[in-house]
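Before any comments, here is the structure.
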Amino acid sequence: MIREYRTEDRDALVQLFVETVHQVNARDYTPAQLDAWAPREQDLERWGRTFLHHRTFICQREGQTAGFATLDGDYFDHLFVHKDWQGQGVATELCQAVEGEAKKQGVQQLDVAASITARPFFQHRGYRVLQEQTIERRGCQLTNYKMQKDL
């Protein structure tokens, strides 16, 4: 089930983000990069503002938060799936929700900055790589990919 964000979801989503980065993305990034990307201590107030400012979709499975995704105009900002729900269609459902909402808003091209880990998923969904990027987080360099899809 996909539903809209509620303020009481904030802490669970932040925890899901941190755990997903440290467990799922560990195959593509170093421990230092993971710590820079998703430090264990997070600014919960900032996350709360982000979730409220963006269109935030949550996937619920068996009473658990299985993943979340956010849309900010024509930018697909977040897509994170709990480690226990990887490969079970959660990302696909969330992606469909974000793309559907973007179409409703009149967006014709959707941009995403995909991690090394997420790049194959987005490519499978029709996103094309525009360029490889190196970004800095807390003094650490990370690789991601600027990708785009025509809606």
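For Arg137, the CZ atom is loosely surrounded, since the number of other residues' heavy atoms within 6.0 Å does not exceed 12.
Here the shortest heavy-atom pairing between Asp74 and Gln109 reads CB-O, 3.6 Å. Residues Tyr29 and Thr117 come closest through the heavy atom pair CE1-OG1, 4.1 Å. Between Ile58 and Glu4, the closest heavy-atom pair is CD1-O, 4.4 Å. Scanning both residues, Ala114 and Asn144, for their nearest heavy atoms gives O-CB, 3.1 Å. Heavy atoms only, all atoms of each residue included: Met1 and Glu93 are closest at N-OE1, 4.2 Å. Nearest heavy-atom pair across Arg138 and Ala36 is NH1-O, 2.6 Å.
Here the side chains of Val112 and Leu79 are not in contact, with every heavy-atom distance at 4.5 Å or above. By the 4.5 Å heavy-atom criterion applied to side chains, Leu151 and Gln108 are not counted as neighbours. Under the 4.5 Å side-chain criterion, counting only non-hydrogen atoms from C-beta, Gln64 is not in contact with Asp84. Counting heavy atoms from C-beta outward, Arg27 and Ile116 have side chains that stay 4.5 Å or more apart. Counting only heavy atoms from C-beta outward, the side chains of Ile2 and Gln96 never approach each other to under 4.5 Å.
Each of Leu130 and Leu110 belongs to its own hydrophobic cluster when Ile, Leu, Val, Met, Phe, Trp and Tyr are linked at side-chain heavy-atom distances under 4.5 angstrom. Tyr75 and Phe68 fall into different hydrophobic clusters, defined by Ile, Leu, Val, Met, Phe, Trp and Tyr side-chain heavy atoms under 4.5 Å apart, directly or through other members. Follow the hydrophobic side-chain contacts under 4.5 Å out from Leu94 and you reach Val107 in the same cluster. Under the 4.5 Å side-chain heavy-atom criterion for Ile, Leu, Val, Met, Phe, Trp and Tyr, Trp37 and Val24 are members of distinct hydrophobic clusters.
To the nearest 0.5 Å, the span separating SG on Cys95 from NZ on Lys149 amounts to 6.0 Å. Rounded to the nearest 0.5 Å, atoms CG (Leu34) and CG (Asn25) are 7.0 Å apart. Atoms NE2 and CD, on His82 and Gln15 in that order, are 7.5 Å from each other to the nearest 0.5 Å. Put simply, CZ on Arg119 and CG on Asp28 are 11.0 Å apart, with the number rounded to the nearest 0.5 Å. If you take CD on Glu101 and CZ on Arg55, they are separated by 3.5 Å, rounding to the nearest 0.5 Å. To the nearest 0.5 Å, atom CG of residue Leu13 and atom OG1 of residue Thr20 are 10.5 Å apart.
Salt bridge annotation for Arg3-Asp9: present, with a cationic side-chain nitrogen under 4.0 angstrom from a carboxylate oxygen.
Between the Tyr5 side chain and the Thr70 main chain, no donor and acceptor come within less than 3.5 Å of each other. Between the side chain of His54 and the main chain of Thr56, no donor-acceptor pair closer than 3.5 Å is present. With hydrogens and angles disregarded, a donor-acceptor distance shorter than 3.5 Å links the side chain of Gln33 to the backbone of Gln141. Proximity of a side-chain donor or acceptor of His22 to a complementary backbone N or O of Ala38 within less than 3.5 Å is detected. Between the Gln86 side chain and the Val81 main chain, a donor and an acceptor come within less than 3.5 Å of each other.
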Apply side-chain contact (heavy atoms from CB on, under 4.5 Å) to residues Thr65 and Gln60 and explain how you reach the verdict. CA-CA 5 Å; Thr65 301; Gln60 297 277 176; 3.8 Å; yes
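Sequence neighbours left out, the pairs with a member in residues 120-151 that pass ring-ring contact (aromatic ring centres under 6.0 Å, His included) are Phe76-Phe122, Phe122-Tyr127.
Taking the six-membered ring for Trp and thresholds of 30 and 60 degrees, Phe80 and Phe17 have ring planes more than 60 degrees apart, a perpendicular arrangement.
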